[in-house]
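In what follows, a single structure is set out as structure tokens and then discussed.
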Amino acid sequence: ANLVLDQLAPLLRGAKRLVVLTGAGISAESGLATFRDAMTGLWANFRAEELATPEAFEQNPKLVWDWYVWRRKLAQAAKPNGAHFALVELERLVPQLTIVTQNVDGLHQRAGSAGVIELHGSLSRFKCSTDNEPVDAKDFGDSPDGMPPRCPRCHAFVRPDIVWFGEMLPPSALQTAFQVTKKCDLFFSIGTSGVVEPAASLPRRAIEYGASVMINNLDVDTASEPPLYSLQGKAGTILPELLRRAWPRL
Ligand code: APR
């Protein structure tokens with residue numbers, strides 16, 4: 001990893017427009033399980049693909065609502081880790097840094113990152129399951145029968161403002177993600193297995209538009225085939241180390 005880190009350090013130091021795509025792996029060291037890890041606890045016999053769908057919510061609104069109550073509690077109890085904080089530090093050091101995240105845990109914002117593009121929504125936001133208009137959490141209490149709360153406007157169930165499998169991503173977020181990817185000179189993909197589209201196509205787009213790309217997760221082999229670099233290892237170790245090499249005086 002040292003050789004690749006030493007090759008990436010000058011690219012990072014000289015970067016003008018950096019885009020960082022993040023996935024569940026950047027929050028793993030905060031204790032939040034990734035999707036591809038088995039679901040834990042009482043959700044062990046479920047798969048995200050079965051619960052995070054409009055059909056599941058239609059068939060069993062209480063089960064899906066309870067799953068998100070559980071995930072929201074875990075996310076609220078979790079703390080940003082060294083990888084999140086390294087990106088906050090990078091925001092100060094690179095002229096333009098844009099974080100595009102698939103995560104819904106809000107840890108980038110909690111660490112202090114600004115302008116985070118949330119491709120898949122957020123556990124802290126809710127909307128009406130009929131018209132998709134935002135519903136403020138203070139406008140609905142816990143429902144007595146454990147069912148999802150009701151929309152104060154039309155009385156339909158409230159649902160998480162999260163993109164479910166088979167649903168469209170928020171158009172403005174997706175458009176901005178493609179625009180910044182087109183213009184960046186350096187693109188990092190951190191902690192994502194790169195299997196869910198359209199996020200998965202961003203690194204390839206970055207290469208097509210002439211950027212250098214670094215992919216960090218636990219599955220890749222550390223290698224450098226410019227303009228593509230891959231670093232196997234924990235983001236909480238890799239990102240702070242990369243910053244130290246790029247700005248040794250700090
Ligand atoms: N540091 C870096 N990478 C890590 C770490 C870590 N400490 N721990 C795990 N990883 C990597 C794994 O190697 C894997 O490549 O994080 C990745 C996690 O992949 P997934 O679980 O597939 O998560 P993600 O890529 O974010 O999933 C994308 O799929 O389930 C849907 O909408 C959901 O946003 C999610 C999307």
Side-chain angles (χ1 to χ4, degrees), residues 1 4-5 8 19-40 43-44 46-57 64 67-68 70-72 74-75 78-87 90 99-108 111 116-125 159-170 173-174 177 187-204 213-223 228-243:
V4 179
L5 283 166
L8 277 167
V19 173
V20 182
L21 170 68
T22 63
I26 201 169
S27 296
E29 291 159 86
S30 296
L32 294 178
T34 66
F35 288 91
R36 301 312 173 262
D37 293 348
M39 299 257 275
T40 54
W43 303 98
F46 289 96
R47 289 172 359 97
E49 286 78 358
E50 291 166 341
L51 293 173
T53 70
E55 296 75 24
F57 189 70
V64 174
W67 181 52
Y68 281 98
W70 175 70
R71 287 185 58 195
R72 190 158 49 252
L74 289 180
K79 292 182 176 41
N81 65 62
H84 297 105
F85 290 120
L87 296 182
L90 256 184
I99 294 175
V100 179
T101 190
Q102 299 170 95
N103 298 338
V104 295
D105 56 33
L107 288 182
H108 285 301
V116 178
I117 295 173
E118 292 178 315
L119 288 181
H120 294 170
S122 167
L123 284 168
S124 63
R125 289 196 302 272
R159 59 166 277 184
D161 184 12
I162 288 199
V163 180
W164 283 338
F165 287 98
E167 292 188 320
M168 290 276 292
L169 272 67
L174 190 56
F187 187 103
F188 286 176
S189 167
I190 307 292
T192 177
S193 56
V195 294
V196 170
E197 291 295 351
S201 63
L202 291 172
R204 192 174 51 253
V213 171
M214 182 271 275
I215 296 183
N216 159 240
N217 60 38
L218 304 186
D219 320 314
V220 288
D221 292 327
T222 295
L228 179 63
Y229 302 83
S230 47
L231 282 167
Q232 184 186 57
K234 293 187 171 187
T237 307
I238 294 271
L239 287 178
E241 181 55 37
L242 183 51
L243 261 71

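As the structure lists them, so they are numbered: ligands from 1, and atoms in each ligand from 1.
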Contact region, Val196 to ligand 1, non-hydrogen atoms below 4.0 Å, reads side chain
Would a 4.5 Å heavy-atom cut-off, applied to side chains only, mark Arg159 and Val64 as touching? no
*Would you say Phe165 and ligand 1 have an N/O pair spaced under 3.5 Å apart?*
no
Apply side-chain contact (heavy atoms from CB on, under 4.5 Å) to residues Val104 and Glu118 and explain how you reach the verdict. CA-CA 7 Å; Val104 295; Glu118 292 178 315; over 6 Å; no
Quiz prompt | Minimum side-chain heavy-atom gap Arg71-Pro160 below 4.5 Å | solution = no
Quick look: Gln102 vs ligand 1, heavy-atom contacts under 4.0 Å, and the answer is both
For Gly191, the atoms of ligand 1 under 4.0 Å from one of its heavy atoms are 3 (N), 16 (O), 17 (C), 18 (C)
With nothing but distance in play, are any N or O atoms of Ala48 less than 3.5 Å from an N or O of ligand 1? no
*Under 30°, 30 to 60°, or over 60°: which ring-plane class applies to Tyr68 and Trp164, parallel, tilted or perpendicular?*
tilted
Here the atoms of ligand 1 under 4.0 Å from any heavy atom belonging to Gly233 are 1 (N), 2 (C)
Nearest heavy atom to atom 13 (O) of ligand 1, choosing from Asp219, Leu169, Val104, belongs to Asp219
Distance col, row Ile99:CD1 vs Leu87:CG, nearest 0.5 angstrom, shows 4.5 Å
A student checking ligand 1 against Glu29 at a 4.0 Å heavy-atom cut-off should list atoms 1 (N), 6 (C), 7 (N)
Heavy atoms of Leu239 and Met214 approach each other most closely as CD2-CE, 4.4 Å
With Leu231 as partner, the option from Ile215, Leu5, Asn217, Val220 fulfilling side chain to side chain contact (heavy atoms under 4.5 Å, CB included) is Leu5
With a cutoff of 4.0 Å, is Val195 in contact with ligand 1, counting heavy atoms of the residue only?
no
Candidates Leu218, Leu231, Ile162; heavy atom nearest atom 9 (C) of ligand 1 found on Leu218
Within 4.0 Å of some non-hydrogen atom of Gly23, the atoms of ligand 1 are 26 (O)
Does the N or O separation between Asn103 and ligand 1 drop below 3.5 Å for any pair? no
At under 4.0 Å between heavy atoms, what of Ala28 touches ligand 1? The answer is side chain
**Asked** Would you say the side chain of Val163 lies within less than 4.5 Å of the side chain of Pro170, judging by non-hydrogen atoms?
**Response** yes
Of Val100, Thr101, Thr192, the one forming a side chain to side chain contact (heavy atoms under 4.5 Å, CB included) with Thr22 is Thr101
So the atoms of ligand 1 within less than 4.0 Å of a heavy atom of Ala24 turn out to be 23 (O), 24 (P), 26 (O)
- Would you say Ser189 and Leu202 make side-chain contact, with heavy atoms under 4.5 Å? no
Ligand 1 atoms nearer than 4.0 angstrom to some heavy atom of Asn216 are 2 (C)
